[in-house]
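Heads up: the structure comes next, in C-alpha cells.
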Amino acid sequence: MNTKSFKEKLEIEKKGLEEELGQIAIFNTETNMWDATPDQDMMGEIDDNDAADRFENFEERSAMVTTLQARLIDINIALGKIESNTFGLCEVCNQPIEADRLEANPAARKDKTHMNEQ
Ligand SMILES: [Zn+2]
C-alpha cells in the first residue's frame, strides 16, 4: 500500500491537534499526557459564583483535552503502523481496512465489520 498520502494527512492533523492542545493544556513529560490548564482570564479575584463558573469551564476544558488527546493517540498509533508496515490492517481480524474508511479516517484501527468492537 502507498502510505505517503495517509502519512501526510496524519502528520497535518497531528500538528493541528498539538496546537489546539497547547492552547488549553500543558504536556506533562512525566506521564506523557496532556493536563488541562486553568483559564488564565479567570485567574483574578473571584466570588463564589465565579468560582463555580470557573470550575465548569475547567471541566469543559478537561473534557476537550481528553477528546483531543484520544485522537492524538490514535494518530500516533497509525503513524507507528506506517513505520512498521502494518498500516491499514484491522486490529481484530488483521484484514485490510476498506479504502473509503481509511480515506475518511486514516487513523482508523478497525475495519467496518469490527469498528464497533472494543
Ligand atoms: Zn476486522
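At a threshold of 4.5 Å between non-hydrogen side-chain atoms, the residues F58 and T37 do not count as touching. Counting only heavy atoms from C-beta outward, the side chains of K81 and E91 approach each other to under 4.5 Å. Two residues are said to be in side-chain contact when any heavy atoms from C-beta on lie closer than 4.5 Å; C93 and D111 meet this criterion. No side-chain heavy atom of W34 sits less than 4.5 Å from a side-chain heavy atom of L68.
Looking at every heavy atom in both residues, P106 comes nearest to F6 through CB-CD2, 3.8 Å. Shortest non-hydrogen contact noted between A107 and A78 is CA-CB, 3.9 Å. Closest non-hydrogen pair, A36 versus S62, comes out as CB-OG, 3.7 Å.
Sparse packing is recorded around NZ of K7, with 12 or fewer heavy atoms of other residues, nucleotides or ligands lying under 6.0 Å away. Counting heavy atoms of neighbouring residues, nucleotides and ligands inside a 6.0 Å radius, atom CD1 of I73 exceeds 12 of them.
From T3, atom OG1 reaches atom CD1 of I82 across 5.0 Å, with rounding to the nearest 0.5 Å. Summarising the geometry, atom NZ belonging to K112 is positioned 13.0 Å from atom SG belonging to C90; distances are rounded to the nearest 0.5 Å. The distance from atom OG of S5 to atom CD of E103, rounded to the nearest 0.5 Å, is 6.0 Å. In this structure, CZ in R109 is found 13.5 Å from CD in E117, a value given to the nearest 0.5 Å. Separating the CD1 atom in I97 from the CG atom in D100 is a distance of 11.0 Å, to the nearest 0.5 Å. Here the straight-line distance linking atom CG of D35 with atom CG of L21 works out to 11.0 Å at 0.5 Å rounding.
If you chain together hydrophobic residues whose side chains sit under 4.5 Å apart, V92 and L102 never meet in one group.
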TODO: Take K15 and E11, measure what salt bridge (charged side-chain N to carboxylate O under 4.0 Å, His left out) needs, and give me the verdict at the end.
DONE: CA-CA 6 Å; K15 197 159 171 270; E11 282 177 344; over 6 Å; no
TODO: Start with the C-alpha distance between M33 and F27, add both sets of side-chain angles, then the distance that settles side-chain contact (heavy atoms from CB on, under 4.5 Å), and finish with yes or no.
DONE: CA-CA 6 Å; M33 300 286 275; F27 189 71; 5.9 Å; no
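Listed for the R101 side chain is a donor-acceptor partner under 3.5 Å among the backbone atoms of K110.
Of the listed residues (T67, L72, N76, I12), just one forms a side-chain contact (heavy atoms from CB on, under 4.5 Å) with L17, and that residue is L72.
Taking the charged nitrogens against the carboxylate oxygens, E13 and K9 have no contact shorter than 4.0 Å, which rules out a salt bridge.
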